[in-house]
Amino acid sequence: MLVVPFYVSTDGINHQKEIVELGIRDFYQFMIDNPKVFPKTSMPSIQDYLDVFGPLAKDGIDIICICITTKFSGSYNSAMNAKNMLTDEFPDVKIEVIDATVNTVLQGMLVEEAVAYKQTGATFEETVAYINKIKITGRIFFTIGGMDYLVHGGRVGKLSGIAAGALGIKPLILLKEGEIFNNGLTRGRKKSKQKIVEQIINIS
């Protein structure tokens, strides 16, 4: 399994490759240490995908690339452009780019499922079909500790964010089929986590 990193900027000017130049734990520690700074991300370029796909294609290795939901990022399009460029040069190599319709941990689970399924003896086409089948069942339930990032990202208004923070209101959020949905409200962090657990149990 290989990762094509996103870029992260903590100052709005300079960008670092996640994992390669900025460790995941280091990034989260930065957010904890600098609560008033809101990092920005930038998607991988076509060249970033070519740098990963190219050596594999030269070795005749087929490629399945599972990208973050297209509702959140244009990285799928970058991967598709890289695929199209390599297909002409390596017509015998199979390259499939899949919109995961999710992100974070669930996207990683799809990658692990693809590897495990391929190791059972499934063909390239069977593995692609399997991932496209199971991805639509994916759900991410989560809540948040504070409203700052939702306000800064424009998902809620500033006044609504301030009011919600003052009242201890915690939104319950559901990610499915590539989109984020409001899945309820609670008051207090403990109750919000309890409600998320209940929702997960009920959906299963």
Side-chain angles (χ1 to χ4, degrees), residues 1 3-10 16 18-19 22-43 66-76 98-117 130-204:
M1 291 185 290
V3 176
V4 181
F6 271 62
Y7 292 86
V8 179
S9 175
T10 56
Q16 296 174 286
E18 61 173 351
I19 304 174
L22 179 63
I24 300 298
R25 291 184 180 275
D26 294 333
F27 172 66
Y28 283 115
Q29 188 61 53
F30 174 87
M31 294 175 69
I32 292 172
D33 295 339
N34 301 272
K36 297 303 180 182
V37 177
F38 299 93
K40 296 181 178 180
T41 60
S42 178
M43 68 183 184
I66 302 177
C67 293
I68 184 175
T69 169
T70 54
K71 301 293 179 63
F72 288 5
S73 169
S75 58
Y76 173 89
I98 298 175
D99 175 4
T101 70
V102 290
N103 56 6
T104 66
V105 174
L106 195 48
Q107 180 188 7
M109 291 175 66
L110 288 177
V111 174
E112 293 179 343
E113 284 290 326
V115 172
Y117 197 71
Y130 174 67
I131 295 304
N132 280 323
K133 178 182 178 181
I134 66 172
K135 74 179 186 181
I136 61 175
T137 66
R139 302 286 188 275
I140 296 178
F141 296 85
F142 65 101
T143 184
I144 57 174
M147 301 291 290
D148 290 349
Y149 281 92
L150 291 180
V151 172
H152 187 77
R155 296 196 177 274
V156 298
K158 186 174 182 179
L159 290 177
S160 297
I162 292 173
L167 294 172
I169 294 174
K170 307 296 182 185
L172 307 177
I173 304 169
L174 170 64
L175 171 61
K176 67 175 183 178
E177 299 173 1
E179 295 189 66
I180 282 182
F181 298 91
N182 179 3
N183 209 34
L185 296 171
T186 61
R187 294 191 65 177
R189 181 68 166 161
K190 184 176 180 180
K191 287 184 178 180
S192 69
K193 292 192 288 186
Q194 180 181 358
K195 191 65 176 179
I196 286 293
V197 172
E198 293 174 0
Q199 290 178 345
I200 293 172
I201 293 173
N202 290 335
I203 197 68
S204 60

Visitor: Checking Asn183 now: which residues fulfil side-chain hydrogen bond (donor to acceptor under 3.5 Å, both in side chains) with it, not counting sequence neighbours?
Guide: Gln199
Visitor: Considering non-hydrogen atoms only, spot the tightest contact between Thr70 and Tyr76 and give its length.
Guide: CG2-CB, 3.6 Å
Visitor: Nearest 0.5 Å, please: how far is CG in Asn34 from CD in Gln29?
Guide: 9.5 Å
Visitor: To the nearest 0.5 Å, what is the distance between CD1 on Ile196 and CG on Leu174?
Guide: 8.5 Å
Visitor: Which atoms form the tightest heavy-atom contact between Gly74 and Met43, and what is the distance?
Guide: C-SD, 3.2 Å
Visitor: If you measure from OG1 on Thr69 to CD1 on Ile140, what distance do you get to the nearest 0.5 Å?
Guide: 10.0 Å
Visitor: If I compare all heavy atoms of Gln107 with all of Cys67, which pair ends up nearest, and what's the gap?
Guide: NE2-C, 3.4 Å
Visitor: Do Glu18 side-chain atoms and Pro5 backbone N/O form a donor-acceptor pair below 3.5 Å?
Guide: no
Visitor: Any side-chain to backbone donor/acceptor pair from Asp26 onto Leu22? Under 3.5 Å, distance only.
Guide: no
Visitor: Would you sort out whether Ile136 and Thr101 count as a side-chain contact (heavy atoms from CB on, under 4.5 Å), showing the intermediate values?
Guide: CA-CA 8 Å; Ile136 61 175; Thr101 70; 5.8 Å; no
Visitor: With a 3.5 Å cut-off and no angle check, do the side chains of Glu198 and Asn202 form a donor-acceptor pair?
Guide: no
Visitor: With rounding to the nearest 0.5 angstrom, report the CD1 to CZ distance, Ile32 to Phe27.
Guide: 11.0 Å
Visitor: Apply side-chain contact (heavy atoms from CB on, under 4.5 Å) to residues Tyr117 and Ile131 and explain how you reach the verdict.
Guide: CA-CA 9 Å; Tyr117 197 71; Ile131 295 304; 6.0 Å; no
Visitor: Heavy atoms, side chains only, cut-off 4.5 Å: are Val115 and Glu112 in contact?
Guide: no
Visitor: Okay, side chain of Lys176, backbone of Phe181: is any donor-acceptor separation there less than 3.5 Å?
Guide: no
Visitor: Checking Val111 now: which residues fulfil side chain to side chain contact (heavy atoms under 4.5 Å, CB included) with it, not counting sequence neighbours?
Guide: Met1, Ile66
Visitor: Where is the tightest heavy-atom contact between Asp99 and Lys135, given as atom of each residue plus distance?
Guide: O-NZ, 2.7 Å
Visitor: Which pair of non-hydrogen atoms, one from Asn103 and one from Leu175, has the smallest distance, and what is that distance?
Guide: OD1-CD2, 3.2 Å
Visitor: Walk me through it: do Leu172 and Thr186 pass the test side-chain contact (heavy atoms from CB on, under 4.5 Å)?
Guide: CA-CA 7 Å; Leu172 307 177; Thr186 61; 3.9 Å; yes
Visitor: For the atom pair CD (Glu113) and CE (Met109), what is the distance rounded to the nearest 0.5 Å?
Guide: 7.0 Å
